[in-house]
Q: 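This is the structure, below, for whatever I ask next.
Since the model is a prediction, treat every value here as computed from it, not as a measurement.
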Amino acid sequence: MRKYSKLVLMVAVFAILAAACGGAGAAEPQQCTDDPYGCVVVEKDQPIKVGTLLVISGPNASLGLDSQHGVELAADYLDGAFDGTYGEIKGHPVELVFGDDGCSAEGGQAGAQQMASNPDIVGVIGTSCSSAALGVADTILSEKGIALISPSNTGPALTDPAQHQPFYLRTAHNDKLQGAAVAHFAYNELGARTAATIHDGSPYADGLQAVFAETFEQMGGTITDREAIQVGETDFTSVLTAIGASSPDVLYFPIFAAEGGLIAQQAKQVDGLKDTILIGSDGMLSDDFLNAAGSAADGMYLSGPDLSAFSGNMDFYRGDFLTAYKEQFGGEPAAAFHAHSYDAANMLFSAIDKVAIDEGGTLYIPRTALKDALFDTKGMLGITGELNCNATGDCQSTATIGVYQVTNGAIPDTPVYSEKASLEG
Amino acid sequence: MSHLLELTGVSKRFGGVQAVNEVDFHADPGEIVGVIGPNGAGKTTLFNIVTGFYRPDAGKMTFDGHNLVGLKPNQVTRIGIARTFQAVRLFANMSVIENAMVGQHTRTRSGVFGAILHTRRTVEEERRIQLKAQEALAFFGDRLIPRINQLASELAYADRRRLEIARAMATEPKLLLLDEPAAGMNPAEKDGLIELIGRLRDEKGYAIVLIEHDMPVIKGVCDRVVALDYGSKIAEGTYDEVASNRQVVEAYLGKAASEVQ
Amino acid sequence: MTAKTETRTRRLPFERIPVRRIILVALSLAIIYGVVAGSAATLQTGTFSGADWRTLVVNGLARGSVYALIAIGYTLVYGVLFMINFAHGEVFMSGTYTSFFVATALAESGYLNEHPLISIGILFVVSMVVSTVVAIILERLAYRPLRGAPRLVPLITAIGASLFLQYTFRGLYGANVRAYPEIAAIQGTWEIFGFDFLKKQVIVIVAAMIFWLILYLVVAKTKTGRAMRAVGEDREVAALMGIDVDRTIVATFAIGGALAGAAGILFVFVFNQVIFIMGFLPGLKAFTAAVLGGIGSISGAALGGLVLGVLEAIGPNLFLTGANVPSPNQLQPVVAFGILVLVLIFLPGGFLGSDEEERA
Amino acid sequence: MALLELNNVSAAYGPVRALEGVSLEVNDGEIVCLLGSNAAGKTTTLRTILGMVPAHKGEIRFNEERIDELRTQDIVGRGVTMVPENRRLFAKMSVRENLEIGANLRTDKKEIREDMERVFVLFPRLKERIGQRAGTLSGGEQQMLAIGRALMAKPSVLLMDEPSMGLAPILVEQVFDTIKEINELGTTILLVEQNAHVALSIADRGYVLQTGRIVLHDEAHALLEHPQLSQAYLGELD
Amino acid sequence: MNLVRANFKTGLVGGSVIVYLALVGILERFQDRNVITGVVGLGTTLVLLTMFGTGYLVSRPKDDGTSQPFGEGLVAGAFAGALTAAVVLIFEAMLGAGIQVRNMLVSVTPDLLDLLEFGLGPGLGSVALVAVGALLGGLAGALRLLPEDVRGAINYSLIVALALSLSEPLMDGILRGLGIPRRWLYESGGLTIVGTIIVVVVTAYLRWQWMRRRDQIAETRAHMPEDRRILYRRITLVALVAVLVALPWVVGPFISDVLGTVGLYVLLGLGLNIVVGYAGLLDLGYVAFFAVGAYAMGVLTSTASFLVKPENAPFAEHGFTNFWIALPFVVLIAVVIGVLIGAPVLRLRGDYLAIVTLGFGEIIRTLVLSDWLAPYLGGAQGLIRVPPPPPAALDLRDPQHIYYLILVFGLLAAFVVSRLGDSRVGRAWAAMREDESVAEAIGISVIRYKLLAFAMGAAVGSLGGVFFAAKIGSIFPNSFGLLVSINVLSVIILGGMGSIPGVVVGALVLVGLPELLREFGEFRLLIYGAVLVLIMILRPEGLIPNKRRQRELHEQEELVTVGELVTEEGPA
């Protein structure tokens, strides 16, 4: 009996302690009670929590980590300096909560649920992979009123009006823009009339090549071969030989650094591809790819955001930003998406700054208002270009896509082709 | 009248070796037949042919009206032939009773649905399996019954031998094939074995064929003895007839051994 | 296996339709039909020239040679310990990846292209040493405590070790793919029998054959090799012969590791790339090759590797192009494993494996 | 002075006690046989001597030296070896390789060759089959090879575990003749046998084990007539 | 001197562990995670814990009389610290010389060095490392000198505090869900100082009391009358059911989602258990059935499926049919495919079977990914818009709702599998696993029973896929990789082969824990791999072994001697 009495006593002590610590909350402002999703309440001296939901484990990890680094740098630069400590918004430090989308639907679900179940999370930067977002993370988070901004989803379906989830935005290019721009470039600039494509089974690559092929054929070109490879493989000579059998003018393979590098190398060894022009996209627009491809990359074309259109930010990007990146994460960026995620995070931060209500040190962030502020982003200067969010969440709705030609083992600052494309157009 | 088991001109080659060479062999109900012969004479191969592990290259085999050629081991068991192995081969990680219960497999038929739904038929059948298994174990008096829930691997060597026979009995055979049942037994245990084999015939009515190197055992139980050498039958008859056959003595028994008898 | 030889005097009541045999025959026929008809159709279209086929075969032999070398390591360990060392691919990766840093240093100093032979020698040594050390550590920490445990247990440990090593190296060296420096001396082509062959592919194929031969001799003729075979057959009796069982097992892992390290250098000659997951797929392929050739047999592993490599290289193009299957090369695993199944249906022990069944 | 000596040795397989305070000695040049019913601990005794089962109590001495903490291969190196039960040849290796591996610890190449010839004198059949895989030999030939393989280690003490098991009567005779011959050539033998009468007929002395303990020991001829002998066999513990 | 030599090795091992953790980046990454907020991060905790553990290990009492626990720990701990310090100094020197260490070892950052130097700079930091190592090692040794109940209480309370701190994401959700105030305990992801003190004191006290009364309680329990015992068992059962029912609402949506995933793996594990655990067939391609279940359900119910009139897709209102009608057909399809896969490979043994099944898994994955079948299965773009099971009113996509569906089917599958295991069929499988040819000789048609095992395994496994489709609504080929097969196999072996509770525990450990460790994403698979190795070494029979299997493992030697006898007379 004595044991139980002690237990009861202990519980009582806890309860009192808890009550003392809990304190009485101040009344919520009007905006919060009006908002169907309520407010995120950040108490005095507590951090503002922003989630990331990127692929940081498994074979695609380098992609997600690259994006994550972009977010970390954005948080770092909030105080106007890359000093390794995160800045503040309205007197509250920013805290990042790292999630993992696993680059898969189930990973996206678990990760999104984790974010959704934490009421302190203001918004989430993610996902890396379309499969983690489409019908999964975008839906789960939208149901909770949490904004999800993806730095690297490019699948058209995500912002298709019929499927778009209200709290979903992205700073990555819709495949529709990039795939079409590459097709224009190939047909008009390069004068190509035959083309072949390779994808790697990822929705990203498959989507891009599909848009490219469609546009190319619409313009009057012929697609001679559409092939696919398996991620992780190293020998693509069989695929290339098959493609080489019809010697297309252009080979478009919008895949990622490792396999992309190998294809660039091995294409040189295939007789039928001796005169074929190789084109990749932003999955390979990185030093990682240049490393992987070595000298074989020279002369190749890569599409991506036209950074030179914004010379002001360009210097910042090439200067402070990349220096800080190398300093903090020990190496060159592995992909192009850190820039998109940096922009995404800044978009979120400035929206928070815009809508947050300060009541005696406690911050109230109404969720719907935050979302609206995000969708209202217009003309914001990011490092990937001007951000103009449209009604279905495409913030690169009017982007300038550039095609760069690799020269002397480097990607030059100015593209050989630039196209101002618009989703509405 | 036809024999219970009848082999005519059965042969089997392995690569260049003629393991069994045109052997005629038969066993009748209630008969105990011994098979002797030097190591490598083809005795176990013969067992393996009869039980469907090997398919004979040539020859005819019938059992109880069935053609044996081409049957798989499980089908052979179903028509009534059970065997033991030269080296005891039990299901080491199953209990004693489970080993015996598995023996009832061909005599029962409940399947997946019965197992899941526990239909009345399945429950009754399960009870019958238990009963039959215990019956087979009980044949060995108090040797196996008290150890019914032990793992087979925990049994002493002689009990493993017994359990192997009990498992064979649980298949409700007409013919029992025993492969060197006395191997590894000491003289006292061999005496017990002789008695046991006699009882198997008398109480259960099995026909029994056994391979054995131990002459006292062969002498003690066999109605008829068949001697093999290099895959061929070299002698057949009563123990005394075979043991005094010159070829058998030279190839197999040796001088001293035949003197001892 | 053989067809019916005799009619039955009396049909047994429980003889049912042989479902399995029907499926088996149907499946084999389907695969064979697919292969033959597909190949015929492809050849008819004339999509590929003779030179194309020749290139594909040589490519296949080159990648098959790498598989073969890794597969030999698998088979060695299997022959002695009867365990699938799932982490063998990571042993391969560890040496190769580490040698990358040496190669980069050599390349930056210019030494690599001034003294290519010495450099290549250094790279081989570095890679082989690191892989050997990793293999030995693996044996000591992950496998030795489990000697005598049921076979699935070390399999799981091996899988665990495989993940552990992958992510350890990721933690150490980073997640990015890195380009292995190219060695100018082995770029370009040689003319053999009037045809041009890539130098590096020829080197890989020849080197693999040399390594295979050395290993074959080691196992067949030397005392260590004999000890390895003895431990593989009966560990206890091997000890009874005065063989140091532990040391023999370590030696087996070491040899397998060294070969994996060597295979890694050959791999980067051809593919010029290192990343922390680079071991997984080749490891899996090598495992497949070892089984295809008959696991436990060294020559079988070598043969299995080559066959698998060639099959992967030409299979999809040959069998599927004519059948108008889109993206045939994507279906490479289907082709490779389909053929594997076919082979194992007819040769359940692989090409050179012993069929240890007591049933004939 | 005993060549091989067990002093109060106990051993166990996991929780199962197999030997309880076994003491025995084997003198130079003797044939000693170890008798007992199944599971009495005979094989365990041999395995314990060779370090395959750890002795957790007592001591084992060979040539005065304690060997109970040594590893099997080191004990073999000192001159004790065994013909295991069921022969356990390296089935995939040739007859020659099986013999060579028996001499694994020796480096005297010339003498190894001589010893191999000596084995062939003992078992001419093996010479005929020298290139054949051991697994394809007949039971009798396998037993010969197993003995030959053990002799190649040039042991001073040879432990033999049921060498007659599963052999045709004519071969049993031959095997025991061979054992005697080997002994006469100077090898001390510790023999485990079920076939007590045959074993005792060639042995100098015998021990009888029952459930892990020595219950009897005497000169072989005396043991043959001992009334307790057959009792020991019958006396399974149950 | 002896003291030094004896502990040198353990000290080095401890130091190596610290250096390893540092080099792979764990220390620095984990340092972001607070253990006690404002006092110590997880990275530093790991360093300290390793030093402490080193001391604790070497000070374990030896068989032969007394030792000096105190000194041993001190020496070993100091060595661990010294090795770390040496490595730190080497890196500092290299950095000083301008060598870019990070070109090779990416994790050697200034932050890391700072962490290891306790922020004191290289010189003082190294001294501190040795000193702290010695101190902690010595403390650990001293702990060994304390009476058992006190020592137990201290160990226990420290472990609980650490566990509580690490499970903050979980506990925070639960406390929040239950409406219990949590600010006093947690702050910024770690424990508060006050919370730590309370937790340590309370658990230490409780443990101490428990240790003192343990015997007494056991005594009471042993003498409990039979009817009372049955009553308690019933109460436990009812409580268990109540917990299972209430669980999703206690733990909140995220953990419910994790539980749902665990449930999927339980289904898969149960199915594979039939194949591997019961029938003894090593199947490395079990994911095939998972994929078949998911894709079949997807094709039959997705509104974007090719079965829906093309003019309506992808935004049709309904799929071809609904979940409940599709369910039996999906299982049937899986069974047929199970038989089709099983038939050609069943004569293969062990590793041959393993690689061929692995191949089938890869074939299925490749096929669903392929452009060839993309018009039907979606290819790279996946099969999306799979609706949750009707009725819509139940909102079965919600993790807290679908949990019950998975729970019911999980229990059902467990029931079926356990019934099968105890039946004539189960015995036939067991016999087959033990010795195939003897089983055949006893009258078991090995081929038929192998096929049956494959078919049953496929049926249960396809349920996993079915609920995967229902739960997530999007099916992509990359969810069906080899890693899933490996995961499931690990689940059943880790849990204890052939044991049904083992599957549940295995799934919780291998699927549940990694999900909770999501924030350590980069190192999740590293930890997963290490856990697999460690558990297999420490407990090869699995966490909850099947009784039969456990004995099997602990009598290896016995089995060897049985094995020796298995030499049939060869075909000479």
Q: Taking side chain as everything from C-beta outward and backbone as N, CA, C, O, which of these in E:S474 sits under 4.5 Å from a heavy atom of chain A? Side chain, backbone, both or neither.
A: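 E:S474 touches chain A through backbone and side-chain heavy atoms alike.
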
Q: With chain E, which of A:S131, A:A210, A:G84 has the greatest number of heavy-atom pairs at distances under 4.5 Å?
A: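 Top count of heavy-atom pairs under 4.5 Å with chain E: A:S131.
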
Q: Against chain A, label E:I472 side chain, backbone, both or neither, depending on which of its atoms sit under 4.5 Å from a heavy atom there.
A: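 E:I472 touches chain A through backbone and side-chain heavy atoms alike.
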
Q: Please work out whether the ring planes of E:W249 and E:H401 are parallel, tilted or perpendicular, with thresholds of 30° and 60°.
A: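 If you compare the ring of E:W249 with that of E:H401, the planes turn out tilted.
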
Q: Under 6.0 Å between ring centres: does that hold for A:F82 and A:Y325?
A: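 No, the ring centres sit 6.0 Å or more apart.
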
Q: Please work out whether the ring planes of A:F212 and A:Y252 are parallel, tilted or perpendicular, with thresholds of 30° and 60°.
A: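 Plane angle between 30° and 60°, so tilted.
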
Q: By a 4.5 Å heavy-atom criterion (distance strictly below it), what part of E:V258 contacts chain A: side chain, backbone, both, or neither?
A: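 It is neither, since no heavy atom gets under 4.5 Å.
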
Q: For A:Q230, which atoms come within 4.5 Å of any heavy atom of chain E: side chain, backbone, both, or neither?
A: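 Interface part for A:Q230: side chain.
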
Q: Using non-hydrogen atoms and a 4.5 Å limit, figure out which bit of A:I140 sits close to chain E: side chain, backbone, both or neither.
A: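 Neither the backbone nor the side chain of A:I140 comes within 4.5 Å of chain E.
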
Q: Using non-hydrogen atoms only, which part of E:P477 is less than 4.5 Å away from chain A: side chain, backbone, both, or neither?
A: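 Contact with chain A is absent: no heavy atom of E:P477 under 4.5 Å.
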
Q: Any side-chain heavy-atom pair from A:Y86 and A:P47 closer than 4.5 angstrom?
A: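 Of all side-chain heavy-atom pairs linking A:P47 with A:Y86, none is under 4.5 Å.
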
Q: Among side-chain atoms of A:T127 and A:N153, is any donor-acceptor pair under 3.5 angstrom?
A: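 Yes - a donor-acceptor pair under 3.5 Å links their side chains.
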
Q: Angle between ring planes, E:Y205 versus E:W208, binned at 30° and 60°: parallel, tilted or perpendicular?
A: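 It falls in the tilted class, 30° to 60°.
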
Q: Between E:N34 and E:Y186, is any side-chain donor less than 3.5 angstrom from a side-chain acceptor?
A: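 No, no side-chain donor-acceptor contact under 3.5 Å.
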
Q: What residue, out of E:G473, E:G382, E:S256, E:S479, has the most heavy-atom pairs lying under 4.5 Å from chain A?
A: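 Top count of heavy-atom pairs under 4.5 Å with chain A: E:S479.
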
Q: Do you know which of E:V108, E:D371, E:T192 has the most heavy-atom pairs with chain A at a distance under 4.5 angstrom?
A: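 Highest number of pairs under 4.5 Å: E:D371.
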
Q: For chain E, which candidate among A:P119, A:C129, A:A112 shows the most heavy-atom pairs at distances under 4.5 Å?
A: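 Greatest number of close heavy-atom pairs with chain E: A:P119.
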
